[in-house]
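As the structure is a prediction and not an experimental result, all values here were calculated from the model. In what follows, residues are counted from 1 in the order of the sequence shown.
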Amino acid sequence: MPSVLDQQRSAPPAGTARPAPPRRRTRLLALPEARWALAALVLFLLALPLYLLDGPAWLWGTLFAATYVTGGWEPGWEGLKALKDKTLDVDLLMVVAALGAAAIGQVLDGALLIVIFATSGALEAVATARTADSVRGLLDLAPTTATRLLPDGTEESVDTGQLGVGDTVLVRPGERVGADGQVVGGASDVDQATITGEPLPVAKQVGDEVFAGTVNGTGALRVRVERDPSDSVIARIVKMVEEASETKAPTQLFIEKIEQRYSMGMVIATLAVFLIPLAFGSELQSALLRAMTFMIVASPCAVVLSTMPPLLSAIANAGRRGVLAKSAVVMERLGQVDTVALDKTGTLTEGTPRVTDLRPLPGSDLDEDALLALAASAEHPSEHPLARAVVTAARERGLPLSDAGDFTSVPGQRVTATIGGRTVTVGAPARLLNGDVHQAVVAELEEAGRTAVVVLRDQVPVGLLGIADRLRPDATATVAALTRLTGRAPVLLTGDNERAARHLAAEVGITDVRAGLLPQDKVAAVKEWEAQGRKVLVVGDGVNDAPALAAAHSGIAMGKAGSDLALETADAVVVRDELATIPSIVQLSRTARRLVVQNLAIAGTFIAALVAWDLIGTLPLPLGVAGHEGSTILVGLNGLRLLREAAWPRLTKDTP
């Protein structure tokens with residue numbers, strides 16, 4: 001629980017409100033479908049009392065005719081164009097049914113069908129627009145202008161689209177960050193709720209990453225642009241989700257495949273429902289009305305709408321959380337996985353070496369800070385990743401570094417520098433200790449999965465450092481959640497050595513470890529599981545993971561440090577490198593698949609019940625219309641439930 005002091009530190013200045021994220025929502029009447037449906041409804045409501053009160057036939061007849069035109073011309077025209085391409089559109093069948101009802105004197109029933117049908121189409125258009133809004137609205141998070149700092153120290157206001165990598169921008173208190181970048185000056189609390197969902201502002205200082213669209217707190221920040229605005233987190237989410245929205249899941253493709261055959265069968269059945277009673281002496285009007293009602297209630301509109309709204313809503317929701325599913329196919333397949341294979345470096349770990357152990361040796365007269373400062377001073381001129389880890393650790397502790405003179409480096413062995421008049425050497429124990437008694441400490445560090453580094457002063461060992469790739473904070477919880485979801489613990493696939501891999505696996509609860517693997521070995525493991533009937537999800541980030549990502553049933557790449565090849569090959573990308581989102585996206589996919597099944601069951605039940613009622617008894621046309629269109633609206637709204645913030649699964653110990 002945050003303290004009062006934390007709350008005061010995070011709070012905005014007195015008298016100012018915490019900025020709310022901008023929202024972009026399509027206005028209802030901005031959609032042509034909504035305008036035509038409203039016109040048809042108004043005309044119908046004007047005609048209805050005149051018709052029921054025996055008003056002038058020419059007046060209510062004209063109003064009903066206008067209702068038919070305003071509510072039915074658009075679906076009718078689209079149906080005729082489809083018919084020209086030898087495709088039977090169910091919308092055309094609805095219009096034909098309405099005209100058929102009018103032809104036998106059921107003018108009111110036909111007009112009611114047109115109004116409800118037009119209203120259903122308008123609601124579907126609104127639902128689709130809302131899904132698009134949830135994605136496009138992310139663009140509004142990024143400001144349109146930013147304050148760029150010029151080399152001479154002056155400022156200029158520019159469009160954020162003109163910012164380039166390497167530019168430095170000034171973000172004043174309360175402003176939105178204009179581009180993804182790294183803080184190079186200042187400190188502040190940044191509200192990242194719109195991007196990461198974190199409820200409290202996050203402290204940012206030099207070296208920290210900030211995202212376009214997040215809101216600065218009370219301090220001023222200087223931010224160096226690290227990504228082109230077109231490649232920011234927000235822009236990538238929008239682009240990939242829009243691309244995903246254009247794809248179709250296998251279930252949807254199957255439905256569309258049988259839709260034409262079903263529609264043709266429905267037309268034939270409608271003719272049979274009309275002609276067979278006539279052959280047995282039924283009245284023309286009664287037979288035609290029953291046939292028109294049958295055509296309406298047997299139409300597969302709700303079935304067609306059952307699949308895509310849940311999947312597209314899930315894609316949009318995941319996109320807001322920084323997980324980019326590249327297609328509706330991906331969103332459907334993620335929920336099918338029953339085996340998860342995780343890479344080690346950059347996936348379960350952060351992918352950056354960190355100093356984990358400081359071991360001053362007896363007789364050195366050094367404490368941990370002094371040992372680290374000595375090693376960092378010598379390593380400071382080096383560009384080696386382990387040297388960067390040592391220097392970073394010293395800076396994190398606020399230790400002063402001494403100037404290094406006479407710096408020399410032998411790649412893979414050591415660096416040497418003169419610090420305060422004394423020769424300091426930092427390097428590999430195997431090269432520098434030569435059977436020294438301190439080898440036991442080295443063995444202890446290496447047994448714990450660390451890379452040991454020895455520090456010598458005037459050729460005398462004074463301390464040892466342990467360096468390791470740090471485990472992600474959410475790795476253990478993620479492994480546990482994936483185990484509960486799939487029924488089996490994830491497998492660790494890594495090219496790292498066996499000892500380091502097993503040590504890390506034990507920390508997170510993984511027992512099946514396959515280490516020392518080349519890319520082809522990872523592919524072989526995936527194919528072995530696939531041959532057993534498993535559906536494998538591979539999570540990785542490197543070039544060496546790309547073949548396995550491609551071979552698996554589904555592949556997810558960690559986006560922050562992921563190679564271009566891995567990002568292109570993977571089915572989904574975790575943009576913000578939050579490992580905990582992986583079980584969340586799997587669970588969200590399962591929820592979407594469950595809603596698809598629910599929708600198909602709802603649609604099928606309505607069609608079967610209404611068709612049986614029409615064939616066995618006498619189903620009133622208005623009731624048939626209401627049942628058919630009501631089921632269509634119901635399945636559409638059921639799928640859109642996944643757009644809600646609450647639909648995103650949270651990683652807790654009770655995650656199913």
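Nearest approach of Ala580 to Thr478, heavy atoms of both residues: CA-OG1, 3.4 Å. Looking at every heavy atom in both residues, Ala39 comes nearest to Thr70 through C-OG1, 4.1 Å. The shortest non-hydrogen separation linking Ala570 to Leu549 is CB-CD1, 4.3 Å.
Once rounded to the nearest 0.5 Å, the distance linking CE of Met295 with OG1 of Thr270 reads 4.0 Å. Rounding to the nearest 0.5 Å gives a distance of 11.5 Å between CG of Leu485 and CD1 of Ile582. Atom CZ of residue Phe294 and atom CG of residue Leu271 lie 10.5 Å apart, to the nearest 0.5 angstrom. Here Leu615 contributes atom CG and Thr293 contributes atom OG1; the two are 10.5 Å apart, rounded to the nearest 0.5 Å. The line from CG of Leu38 to CH2 of Trp36 is 11.5 Å long, rounded to the nearest 0.5 Å. Distance check: Leu588 CG to Arg593 CZ gives 12.5 Å after rounding to the nearest 0.5 Å.
A donor-acceptor pair under 3.5 Å links the side-chain atoms of Thr214 to the main chain of Phe211, judged by distance alone. Looking at Ser589, its side chain does come within 3.5 Å of a backbone N or O of Met331 through a donor-acceptor pair. Checked by atom type and distance alone, the side chain of Thr339 never pairs as donor or acceptor with a backbone atom of Val536 at under 3.5 Å. Checking side-chain atoms of Asp180 against main-chain N and O of Ala212 turns up a donor-acceptor pair under 3.5 Å.
Residues that satisfy the side-chain contact (heavy atoms from CB on, under 4.5 Å) test with Ser554, not counting sequence neighbours, are Arg333, Leu334, Val337, Leu537, Asp571. Residues meeting the ring-ring contact (aromatic ring centres under 6.0 Å, His included) test with Trp77, sequence neighbours left out: none. In this view, Ala287 and Phe274, Pro277, Leu278, Ser282 satisfy the side-chain contact (heavy atoms from CB on, under 4.5 Å) rule, not counting sequence neighbours. For Ala489, the side-chain contact (heavy atoms from CB on, under 4.5 Å) partners are Thr483, not counting sequence neighbours. Among residues two or more places apart in sequence or in another chain, the side-chain hydrogen bond (donor to acceptor under 3.5 Å, both in side chains) test is passed with Glu283 by none. Legend: residues meeting side-chain contact (heavy atoms from CB on, under 4.5 Å) with Thr486, ordered by chain and number and at least two apart, are Val340, Arg488, Arg590.
Counting only residues at least two apart or on different chains, no side-chain hydrogen bond (donor to acceptor under 3.5 Å, both in side chains) pair has a member in residues 600-621. Residue pairs meeting the side-chain hydrogen bond (donor to acceptor under 3.5 Å, both in side chains) criterion with at least one member in residues 640-649, sequence neighbours excluded, are Arg320-Glu645, Arg321-Glu645, Asn638-Arg641.
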Would Val574 and Ile556 count as a side-chain contact (heavy atoms from CB on, under 4.5 Å) here? Give the steps. CA-CA 7 Å; Val574 180; Ile556 297 179; 3.6 Å; yes
Taking it one step at a time, do His553 and Gln336 satisfy side-chain hydrogen bond (donor to acceptor under 3.5 Å, both in side chains)? CA-CA 9 Å; His553 178 76; Gln336 301 172 341; 3.0 Å; yes
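Contact check for Gln587 versus Ser584: no side-chain heavy atoms found under the 4.5 Å cut-off. Looking at Ile607 and Leu610, their side chains never come closer than 4.5 Å, going by heavy atoms from C-beta outward. Between Leu642 and Thr591 the shortest side-chain heavy-atom distance falls below 4.5 Å. With contacts defined as side-chain heavy-atom distances shorter than 4.5 Å, the pair Val297/Leu619 qualifies. Taking 4.5 Å as the limit, every side-chain heavy atom of Leu342 sits out of range of all side-chain heavy atoms of Val491. Asn317 has its side chain out of reach of Leu643: every pair of non-hydrogen atoms, C-beta onward, lies at least 4.5 Å apart.
Each of Asn599, Leu595, Val596 was scored for a side chain to side chain contact (heavy atoms under 4.5 Å, CB included) with Val635, with one residue passing: Asn599.
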Output side-chain donor-acceptor pairs under 3.5 Å for residues 42-59, partner residues at least two apart or in another chain, one line each.
none

